[in-house]
Amino acid sequence: MKRVMLTVAYDGTAYSGYQIQDNAPTIEGELSRCLKGLLKEDVKVIGGSRTDAGVHALCNVAVFDTQARMPGEKISYALNQRLPEDIRIRKSQEVSEGFHPRHCDSRKTYEYRIMNTAFPVPTKRLYCHFTYVPLDTDRMRQAAEYLVGEHDFKSFCSAGSQAESTVRRIYALEVNREGEEVIIRVTGNGFLYNMVRIIAGTLMEAGRGIWEPSHMAEILRKEDRKAAGPTAPACGLCLTDYEFDLKSYNLRVL
């Protein structure tokens, strides 16, 4: 028996999130279905980041155990022949048997993209949230500074979260404008249910002038979801980087 790690990229538009569901298409469901057909085994896939419906990823992580003789690095090529075109394995590799992506230290980076112009751009509609209301990125940057560091992010967590603790650490939170797009980029040691989308929605409120940037401190202090801004739509969100300490967890690249 060996454990294989997959680096998975996907367009989440057609899927009801990452985690497998009985009556809806999911990323995990497609991975399990195609792996079972490829390896002729009842494969159980363990996912790293459980992205929501409509959220995209360039580098999510999944692991599974197999008795197949196929080398770990070759599984990506064979699996990509079976997966739908909106899911691709970017890399596969054998890892240590005890490696579990949700039970070890990691750093994740998400980007939230906002098309901020007078009219929507059709080719961006699946990958950016559109708003014609002008956004002041300087105000958004000032507001973002209050969230950097370790805090209780209960105000930025949707109801239904199963997390034991709402304390998380954000290492960096940037807001930049590239042409007509405003890009929010956040790196942390983990994120709560809808946390990044709520951060994006709240920063947009500051950018519109609804709140002063300093109000972010009060939102954190209240530890109440109702104190923060709206949850931004899923289409603008993408998991862009997912880092592990390979040496600490004995990941073996064959």
Side-chain angles (χ1 to χ4, degrees), residues 4-13 15 17-19 27-28 31 45-63 72-73 76 80 83 86-93 95 99-114 124 126-129 137 140-141 144-145 147-151 153 156 163 167-178 181-201 203 232-253:
V4 176
M5 183 175 82
L6 306 174
T7 301
V8 190
Y10 49 85
D11 178 335
T13 304
Y15 298 94
Y18 177 86
Q19 193 171 8
I27 305 300
E28 189 176 60
L31 291 175
V45 178
I46 301 170
S49 185
R50 297 174 178 175
T51 54
D52 298 333
V55 173
H56 316 295
L58 295 177
C59 56
N60 208 343
V61 170
V63 298
E73 78 275 15
S76 56
N80 280 335
L83 285 165
D86 49 8
I87 304 175
R88 280 294 175 266
I89 309 304
R90 301 185 68 184
K91 185 177 183 179
S92 60
Q93 62 191 85
V95 297
F99 175 74
H100 191 303
R102 295 200 301 271
H103 295 165
C104 62
D105 295 335
S106 65
R107 293 167 67 102
K108 300 177 186 177
T109 299
Y110 282 91
E111 287 185 359
Y112 193 88
R113 291 181 173 264
I114 305 157
K124 301 277 189 177
L126 302 180
Y127 311 106
C128 292
H129 166 55
T137 52
M140 294 173 71
R141 287 190 200 100
E145 290 176 2
L147 301 183
V148 176
E150 186 172 275
H151 304 284
F153 284 96
F156 296 88
V167 175
R168 295 292 186 273
R169 176 173 290 276
I170 288 183
Y171 301 112
L173 179 51
E174 304 172 358
V175 181
N176 296 296
R177 182 180 288 275
E178 297 181 4
E181 288 186 33
V182 175
I183 303 168
I184 299 168
R185 183 177 294 109
V186 55
T187 300
N189 65 351
F191 296 95
L192 301 164
Y193 181 40
N194 284 341
M195 179 174 163
V196 179
R197 291 166 59 191
I198 297 170
I199 288 175
L203 291 180
C235 62
L237 186 60
C238 183
L239 175 63
T240 59
D241 199 16
Y242 200 158
E243 300 175 84
F244 299 96
D245 184 344
L246 303 187
K247 293 182 179 178
S248 297
Y249 295 100
N250 298 317
L251 272 69
R252 301 190 298 274
V253 181

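We're numbering straight along the sequence, starting at 1. None of the values given here were measured: they were computed from a predicted structure.
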ask   = Any side-chain heavy atom of Lys124 sitting closer than 4.5 Å to one from Glu181?
value = yes
Which donor-acceptor pairs under 3.5 Å do the side chains of residues 47-54 make with protein atoms, sequence neighbours left out?
from  : atom 1 : to     : atom 2 : distance (Å)
Ser49 : OG     : Tyr110 : OH     : 2.6
Thr51 : OG1    : Tyr10  : OH     : 2.7
Asp52 : OD2    : Arg197 : NH1    : 3.4

request  = Please lay out, stage by stage, how Ile170 and Ile199 fare under the test side-chain contact (heavy atoms from CB on, under 4.5 Å).
outcome  = CA-CA 12 Å; Ile170 288 183; Ile199 288 175; 4.0 Å; yes
ask   = Side chains of Met5 and Val61: closer than 4.5 Å at any heavy-atom pair?
value = yes
ask   = Taking the side chain from Arg141 and the backbone from Val175, do they hold a donor-acceptor pair closer than 3.5 Å?
value = yes
request  = To the nearest 0.5 angstrom, please state how far the CD1 atom of Ile87 sits from the CG atom of Leu6.
outcome  = 11.5 Å
With sequence neighbours excluded, residues passing side chain to side chain donor-acceptor pair (under 3.5 Å) with Thr7 = none
message = Could you go through Val55 and Leu239, starting from their C-alpha distance and side-chain angles, then the distance that decides it, and tell me whether this counts as side-chain contact (heavy atoms from CB on, under 4.5 Å)?
response = CA-CA 8 Å; Val55 173; Leu239 175 63; 5.9 Å; no
request  = Just jot down the side-chain contact (heavy atoms from CB on, under 4.5 Å) partners of His151, sequence neighbours excluded, or say none.
outcome  = Phe153, Leu220
note = Closest non-hydrogen atoms of Ala232 and Tyr112, given as atom of the first, atom of the second and distance, are CB-OH, 3.3 Å
For Tyr242, all residues meeting ring pair (Phe, Tyr, Trp, His ring centres under 6.0 Å), sequence neighbours excluded = Phe244
message = Run Arg185 and Thr109 through side-chain contact (heavy atoms from CB on, under 4.5 Å) and show every step you take.
response = CA-CA 7 Å; Arg185 183 177 294 109; Thr109 299; 3.7 Å; yes
inquiry  = Let me confirm one number: the CD-NE2 distance from Glu111 to His56, rounded to the nearest 0.5 Å.
reply    = 12.0 Å
request  = Search all heavy atoms of Glu150 against all heavy atoms of Val167 and return the closest pair with its distance.
outcome  = CG-CG1, 3.6 Å
note = Between Val4 and Ser92, the two heavy atoms sitting closest are CG1-CB, 4.3 Å
request  = Evaluate the side-chain contact (heavy atoms from CB on, under 4.5 Å) criterion for residues Phe99 and Cys104: first the C-alpha distance (whole Å), next the side-chain angles of each, then the deciding distance (0.1 Å), finally the verdict.
outcome  = CA-CA 8 Å; Phe99 175 74; Cys104 62; 3.7 Å; yes
By side-chain contact (heavy atoms from CB on, under 4.5 Å) - contacts of Asp86 (at least two apart) = Asp11, Ala14, Tyr15, Pro84
request  = Search all heavy atoms of Arg88 against all heavy atoms of Leu83 and return the closest pair with its distance.
outcome  = NH1-O, 3.5 Å
task = Any chance you could measure Lys108, atom NZ, to Thr187, atom OG1, to the nearest 0.5 Å?
result = 12.0 Å
message = Between His129 and Ile114 (side chain of the first, backbone of the second, donor and acceptor by atom type, cut-off under 3.5 Å), is there such a pair?
response = no
request  = Would you check if Leu203 and Ile184 make a side-chain contact, meaning some heavy-atom pair closer than 4.5 Å?
outcome  = yes
ask   = Just how far is it from atom CD of Gln93 to atom OG of Ser76, taken to the nearest 0.5 Å?
value = 10.0 Å
inquiry  = Applying side chain to side chain donor-acceptor pair (under 3.5 Å), can you list everything that pairs with Arg177, at least two apart in sequence or on another chain?
reply    = Asn116
task = Look at the side chain of Asn80 and the backbone N and O of Ile89, then say whether any donor-acceptor pair between them is shorter than 3.5 Å.
result = yes
ask   = Which value, rounded to the nearest 0.5 Å, describes the distance between Met195 atom CE and Ile198 atom CD1?
value = 9.0 Å
key: Between CD1 on residue Ile46 and NE2 on residue His100, distance to nearest 0.5 Å   = 4.5 Å
